[in-house]
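Data block below; observations after.
Note that ligands are numbered from 1 as they come in the structure, with each ligand's atoms numbered from 1 the same way. No hydrogens, no waters, no symmetry mates; every other heavy atom, side chains included, goes into these values.
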Amino acid sequence: MPAEGPNSGSGDAGSHDSLAGDAPGAARGVLLVLAGTSGAGKGTIGARLREADPALNWSVSWTTRPRRAREQDGVDYHFVTREEFERLRDANGFLEWFEVYGDLKGTPVQYVVDELAQGHDVMLEIDVQGALAVKRALPEALLVFVQAPSREEQRRRLEARGSETEASIARRLERAEAEERIGAEEFDAVVVNHDVGQATAEVAAILRARRDRGRSPHGDPPHGD
Ligand code: 5GP
């Protein structure tokens with residue numbers, strides 16, 4: 001039973017429950033789920049992975065939060081109304097979704113399922129609880145947890161963003177302890193982001209190992225997992 005971390009907060013959340021175990025034996029892509037502590041650099045790692053690997057598709061989440069100045073609809077998120085979101089949610093159209101501070105965010109299920117069925121790899125960059133919900137719906141998902149080398153470094157990175165209030169930095173740092181525990185206990189791999197190039201290479205290697213395992217005749221890892 002996955003542990004519930006404090007970042008589920010007072011929010012509501014849900015996951016798809018009917019995807020596990022479909023198409024046994026079919027050539028399926030790998031679903032890479034990147035999550036981690038705030039300020040660890042998972043966004044940058046995700047962007048670098050996408051640049052370096054044209055075979056990696058990424059899922060664009062739906063959200064009801066307002067678009068920020070530099071964000072593009074259909075690229076950063078699909079920005080939708082609450083009614084549109086709830087309609088898709090009620091039709092079981094999200095692999096996982098959650099509500100935090102009044103905003104809804106979710107991973108539309110159809111794109112992910114279609115790409116995986118075609119043997120294409122898909123990357124999600126979502127929050128820790130969302131990653132656990134994905135694992136419940138699709139246990140073969142590859143969960144990679146990204147964390148900063150230390151709390152001091154995490155704080156430094158959050159401050160360097162220049163967009164966080166002291167209260168929001170404190171909240172994110174407070175949450176990190178429990179999230180890192182979930183990362184260690186529930187995720188397939190933990191990557192410590194000392195250096196973004198090296199951390200990206202590590203995630204790419206973890207993905208490659210899982211892909212190769214999928215291709216091996218018996219589905220076994222070449223030398224353990
Ligand atoms: P933002 O700053 O864009 O409002 O929020 C970013 C946070 O939301 C990050 O932790 C990101 O991983 C998470 N996130 C973005 N899309 C989704 C989603 O579809 N599902 C979940 N569970 N988290 C998401």
H16 (side chain) donor-acceptor with V109 (main chain) under 3.5 angstrom: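 Such a contact is absent between H16 side chain and V109 backbone.
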Stepwise side-chain hydrogen bond (donor to acceptor under 3.5 Å, both in side chains) test for S38 and R172: CA-CA 6 Å; S38 185; R172 286 156 197 261; 2.8 Å; yes
Heavy-atom check, side chain of L132 versus side chain of F187, under 4.5 Å: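 With C-beta onward as the side chain, the pair touches.
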Note, H78 side chain near T63 side chain (heavy atom, < 4.5 Å):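 Counting from C-beta outward, H78 and T63 never come under 4.5 Å.
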Amino acids contacting ligand 1, non-hydrogen cut-off under 4.0 Å: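 For ligand 1, the residues that come within the 4.0 Å heavy-atom cutoff are K42, S61, R65, R68, Y77, E96, F98, K105, G106, T107, E125, I126, D127, G130.
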F85 and W62 aromatic ring geometry - parallel, tilted or perpendicular at 30°/60° bounds: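 Ring orientation of W62 relative to F85: perpendicular.
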Point-to-point distance, once rounded to the nearest 0.5 Å, from NE2 of H120 to CG of L31: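 Nearest 0.5 Å value for the NE2-CG distance: 14.5 Å.
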